[in-house]
Amino acid sequence: MKDLIDIPRIFTISEREHRIHNPFTPEKYATLGHVLRMKSGARILDLGSGSGEMLCTWARDHGVTGTGIDMSPLFTSQAITRAEELGVANHVQFIHDDAAGFVSEEKCDIAACVGATWIAGGVHGTIALLQQSLKPEGMILIGEPFWRKVPRTEADAQACGVTSVADFLTLSDLVASFGELGYDVVEMVLADQEGWDRYEAAKWMTMRRWLDENPDDDFACDVRNELTLSPTRHVTWTREYFGWGVFALMSR
Ligand code: SAH
């Protein structure tokens with residue numbers, strides 16, 4: 001039954017070659033791993049762990065342990081393969097499941113949701129969920145978009161691919177909102193426009209190759225449409241209007 005739980009197919013097709021499913025590059029994850037000053041053996045929970053690059057590389061580079069939960073069977077199997085490749089399969093585990101409402105029995109040093117805060121209905125709900133899996137002195141990591149440039153109209157927001165300007169905050173409002181929730185922001189690493197290019201532009205060749213290999217698939221029209229629109233949409237809207245960052249929070 002569990003295999004039936006999956007994410008929308010467009011992501012599985014367009015991001016199947018991605019190791020990182022957000023605008024962070026390997027260098028940004030390395031910087032974040034470094035600045036968090038994690039101790040060897042630190043325990044991390046990662047909700048929406050994707051293909052597992054954060055946990056696997058941090059297990060290799062910092063000796064951390066952890067569990068990742070992700071709703072995509074494909075990404076979860078890629079994460080398990082990556083852990084084996086990096087020789088950390090004894091330190092990290094990846095579970096295919098819906099992470100909504102997930103609370104770990106063993107409390108963690110770091111509880112993360114990096115680019116999947118809809119799991120608990122937005123940033124506030126996700127912080128409340130992660131807090132339940134955390135040791136009292138633990139740290140929460142939230143990866144979230146923000147408006148680098150605020151769209152002037154609702155139509156512009158929709159061109160960015162979201163339903164409303166209200167879906168995201170500016171960087172200053174996002175950081176202030178963490179304080180209002182009773183958290184200190186103790187670190188942050190921000191993505192840049194080249195990081196957005198790596199996330200978005202890397203989908204285009206993957207989609208093109210998939211289309212060449214699967215011309216008669218029922219889903220080919222949707223993928224063709226996405227590939228036709230995506231490059232212009234990216235350079236006109238996403239790249240200019242969206243920022244993205246990971247914020248490390250500690251309860252006051
Ligand atoms: N943190 C990862 C992936 C971010 S992309 C990285 O840095 O690469 C968002 C991820 O959330 C995808 O892997 C998607 O499969 C997963 N996801 C979406 N809804 C989910 C849910 N309800 N429970 C668990 N994972 C979910």
Side-chain angles (χ1 to χ4, degrees), residues 1-33 36 44-61 64 66-83 85-86 92-104 108 110-123 125-130 132-133 140-145 161-162 167-168 188-192 195-200 202-203 206 238 242 244-248:
M1 281 302 281
K2 278 282 170 68
D3 273 350
L4 295 177
I5 303 177
D6 205 344
I7 58 172
R9 198 173 172 209
I10 189 67
F11 298 113
T12 311
I13 291 171
S14 63
E15 298 188 28
R16 62 195 310 126
E17 298 288 335
H18 284 50
R19 279 211 174 121
I20 298 171
H21 305 267
N22 66 51
F24 254 23
T25 56
E27 293 75 24
K28 294 283 181 182
Y29 263 133
T31 301
L32 182 63
L36 291 178
I44 304 181
L45 173 69
D46 188 12
L47 302 187
S49 44
S51 300
E53 194 66 4
M54 181 180 87
L55 279 184
C56 291
T57 53
W58 288 2
R60 178 194 63 192
D61 299 340
V64 302
T67 300
I69 299 172
D70 199 279
M71 205 156 96
S72 162
L74 175 69
F75 297 168
T76 305
S77 73
Q78 290 180 167
I80 292 166
T81 304
R82 186 70 173 145
E85 257 171 36
L86 296 188
V92 290
Q93 59 165 339
F94 293 98
I95 298 167
H96 168 234
D97 207 346
D98 186 343
F102 183 88
V103 176
S104 65
C108 305
I110 293 180
C113 181
V114 180
T117 54
W118 58 83
I119 282 175
V123 172
T126 300
I127 290 174
L129 176 64
L130 293 172
Q132 296 176 56
S133 296
I140 288 176
L141 296 183
I142 290 284
E144 183 70 3
V162 303
D167 287 0
F168 296 104
M188 75 173 195
V189 177
L190 302 184
D192 56 24
W196 275 113
D197 295 343
R198 286 304 85 240
Y199 177 47
E200 294 294 338
K203 297 178 192 176
T206 309
T238 318
F242 273 120
W244 198 89
V246 179
F247 304 87

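Counting convention: from 1, in listed order, for ligands and their atoms alike. The first residue of the sequence shown is numbered 1, and numbering continues consecutively from there. The figures that follow rest on heavy atoms only: side chains count, while hydrogens, waters and symmetry mates do not.
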Using non-hydrogen atoms of the residue, decide whether [X] is closer than 4.0 angstrom to ligand 1.
{"X": "Y29", "value": "yes"}
{"X": "D46", "value": "no"}
{"X": "F24", "value": "no"}

[X], any N or O under 3.5 Å of ligand 1 N or O:
{"X": "V114", "answer": "yes"}
{"X": "A116", "answer": "no"}
{"X": "N22", "answer": "yes"}
{"X": "R19", "answer": "no"}
{"X": "D70", "answer": "yes"}
{"X": "G115", "answer": "no"}

How close do [X] and [Y] get, heavy atom to heavy atom, and via which atoms?
{"X": "V92", "Y": "F94", "result": "CG2-CE1, 3.8 Å"}
{"X": "A99", "Y": "I69", "result": "CB-CG2, 3.9 Å"}
{"X": "A116", "Y": "L47", "result": "CB-O, 4.4 Å"}

Determine whether the side chains of Y29 and N22 contain a donor N or O and an acceptor N or O closer than 3.5 Å.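 Indeed, the side chains of Y29 and N22 share at least one donor-acceptor pair under 3.5 Å.
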Given that the side chain starts at C-beta and the backbone is N, CA, C, O, which of these parts of [X] lies under 4.0 Å from ligand 1, counting heavy atoms, or is it both or neither?
{"X": "I119", "result": "side chain"}
{"X": "F11", "result": "neither"}
{"X": "S49", "result": "backbone"}

For ligand 1, which atoms, with element, lie under 4.0 Å from some heavy atom of [X]?
{"X": "S72", "value": "15 (O)"}
{"X": "I20", "value": "8 (O)"}
{"X": "D98", "value": "21 (C), 22 (N), 23 (N)"}

What verdict does the side chain to side chain donor-acceptor pair (under 3.5 Å) test give for T206 and E17, after you've listed the backbone C-alpha separation in whole Å, the side-chain angles of each residue and the deciding distance to 0.1 Å? CA-CA 7 Å; T206 309; E17 298 288 335; 5.7 Å; no
Assess whether ring pair (Phe, Tyr, Trp, His ring centres under 6.0 Å) is satisfied between F11 and F75, documenting all intermediate values. CA-CA 10 Å; F11 298 113; F75 297 168; 8.4 Å; no
Check R16, E15, Q78, H18 against S51 for a side chain to side chain donor-acceptor pair (under 3.5 Å) and give me the one that passes. Q78
